[in-house]
Amino acid sequence: LGALVPTAVGSMMGIPVLSSRRGRKVGQLLVGASVGMYVSVDAVEHIGRWFPVMILTAIVSVLISAVVCVAFARVNGTNLPTAFFSMTPGGLSEMAFTGEREGARREIVTMSHTIRVALIVTIMPFLLLKFGTDGGLMQQGHGMETLSPDRVVIILAVAALSVFLVSRTGVNNPWMIGALLGAGIVASMGYIEGRMPYPLFALGQFLMGISIGSGFKRDMLTKAPRIFATSALFVLAMTALLFGYAALVHWATGIDLSSMTLAASPGGQAEMALTAQALHLNVALITAFHVIRSFTVNAFSLQFYR
């Protein structure tokens with residue numbers, strides 16, 4: 001947040017700010033590898049158990065987007081393709097590209113997704129850290145030794161290899177998923193144990209923060225202030241509806257409310273994984289929810305829209 005907020009403000013004021021897609025990828029690699037080192041065998045075992053709920057959550061998120069987008073289109077005077085792909089919680093570039101093929105306005109879709117990620121990153125961690133329940137799964141992290149430089153190199157090399165392999169599958173956000181998967185496999189199998197040096201973890205968050213902040217442009221305020229404001233309101237409305245769904249799943253399955261809130265949240269995978277780590281929740285489970293949703297939404301958004 002310390003990197004995101006001033007970068008966003010400066011960018012909207014017309015001040016040239018650092019913006020690097022490679023920087024965000026490096027940030028995701030560092031964060032993914034750092035969080036992956038906390039993945040335990042018990043955490044991974046939960047994934048298979050809750051896989052049907054993950055599919056359901058992905059479908060529900062699309063259905064809620066479809067409901068919300070009708071009001072969004074009417075309030076802003078936009079067409080339905082623009083509204084649908086603006087509200088659907090998929091990848092920014094994927095939604096903008098796919099939506100444009102159906103007649104959506106790319107700039108509105110891009111603006112809405114930038115606001116969505118920044119808003120959820122700003123609000124969700126604060127609310128959960130203040131009102132959420134600590135999961136207790138990562139308390140052992142406080143007693144873990146910091147990895148030595150040679151082991152850091154090994155972990156980052158494994159993470160980079162995993163990123164390369166995951167990217168071959170066409171999955172969205174391979175830098176975060178691949179790094180977390182690679183480091184998580186090493187940690188869960190007991191090959192290397194320990195935590196990444198904090199400066200690397202902080203650097204990853206810093207690079208992600210300035211990347212999100214630089215997505216805010218001056219014309220968001222000068223050319224489309226109404227859409228800027230209504231996008232924020234509708235993102236909050238969609239988040240509230242998904243929280244209601246998370247509460248129902250919590251009641252029906254027993255998955256703790258903090259975990260389900262993060263799992264159903266329309267925020268980014270990396271940011272939600274960071275919040276899960278801070279609350280000592282099952283990072284692997286929450287990340288799996290977002291991976292399944294990301295794949296489902298990005299792969300079939302066109303079919304869902306039609």
Side-chain angles (χ1 to χ4, degrees), residues 20-48 51 54 90-94 117 137-138 140-141 144-212 267-277 281-299:
S20 172
R21 296 181 67 179
R22 290 182 179 178
R24 177 172 176 79
K25 291 177 179 178
V26 171
Q28 291 178 317
L29 174 70
L30 293 174
V31 168
S34 299
V35 174
M37 291 306 297
Y38 290 94
V39 175
S40 64
V41 177
D42 292 337
V44 176
E45 289 176 350
H46 285 287
I47 295 176
F51 185 76
M54 295 176 189
L92 188 154
S93 58
E94 288 84 355
V117 174
L137 289 183
M138 298 183 184
Q140 71 272 15
M144 295 171 65
E145 294 184 357
T146 301
L147 293 172
S148 60
D150 59 325
R151 294 196 168 191
V152 169
V153 171
I154 293 173
I155 291 297
L156 291 179
V158 171
L161 175 61
S162 181
V163 166
F164 172 77
L165 295 175
V166 170
S167 66
R168 300 297 95 184
T169 67
V171 172
N172 185 49
N173 204 3
W175 287 83
M176 175 64 190
I177 298 171
L180 195 153
L181 182 64
I185 290 173
V186 171
S188 64
M189 298 186 73
Y191 292 135
I192 296 179
E193 296 180 349
R195 63 173 182 268
M196 293 286 283
Y198 181 76
L200 289 178
F201 186 47
L203 175 62
Q205 295 185 63
F206 177 81
L207 292 172
M208 288 168 56
I210 61 174
S211 175
I212 297 172
Q269 297 166 1
E271 296 79 18
M272 296 304 97
L274 284 170
T275 307
Q277 185 193 26
L281 300 171
N282 189 333
V283 177
L285 178 67
I286 292 167
T287 301
F289 266 92
H290 282 275
V291 170
I292 294 299
R293 187 190 70 191
S294 176
F295 175 79
T296 303
V297 171
N298 291 325

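- Contacts classified as side chain to side chain donor-acceptor pair (under 3.5 Å) and involving residues 149-161 (residues at least two apart or in different chains) are given here: S148-D150.
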Pair I286, T275 - check side chain to side chain contact (heavy atoms under 4.5 Å, CB included), show working. CA-CA 10 Å; I286 292 167; T275 307; over 6 Å; no
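- Put simply, CG on L207 and CD on Q28 are 10.5 Å apart, with the number rounded to the nearest 0.5 Å.
- Looking at every heavy atom in both residues, I292 comes nearest to T296 through O-OG1, 2.7 Å.
- Closest non-hydrogen pair, G204 versus V31, comes out as C-CG2, 3.7 Å.
- At least one donor-acceptor pair under 3.5 Å links the side chain of S167 to the backbone N or O of V163.
- What you find for S162 and G178 is that their closest heavy atoms are OG-O, 2.7 Å.
- When all heavy atoms of A187 and G36 are compared, the closest pair comes out as CB-O, 3.8 Å.
- When the side chain to side chain contact (heavy atoms under 4.5 Å, CB included) test is applied to I185, the partners found at least two apart in sequence or on another chain are L181, M189.
- Remark: V152 pairs with L147, L156, M196, P197, L200 by the side chain to side chain contact (heavy atoms under 4.5 Å, CB included) rule, at least two apart or across chains.
- M54 and F289 make their closest contact through CA-CE2, 3.6 Å (heavy atoms, listed as atom of the first residue, atom of the second, distance).
- Looking at residues two or more places apart in sequence or on another chain, you find a side chain to side chain contact (heavy atoms under 4.5 Å, CB included) between V186 and I155, V158, Y191, I192.
- The two residues L29 and A160 come nearest to each other via the heavy atoms CD1-N, 4.1 Å.
- Atom CD in E193 sits 8.0 Å away from atom CE in M37 (nearest 0.5 Å).
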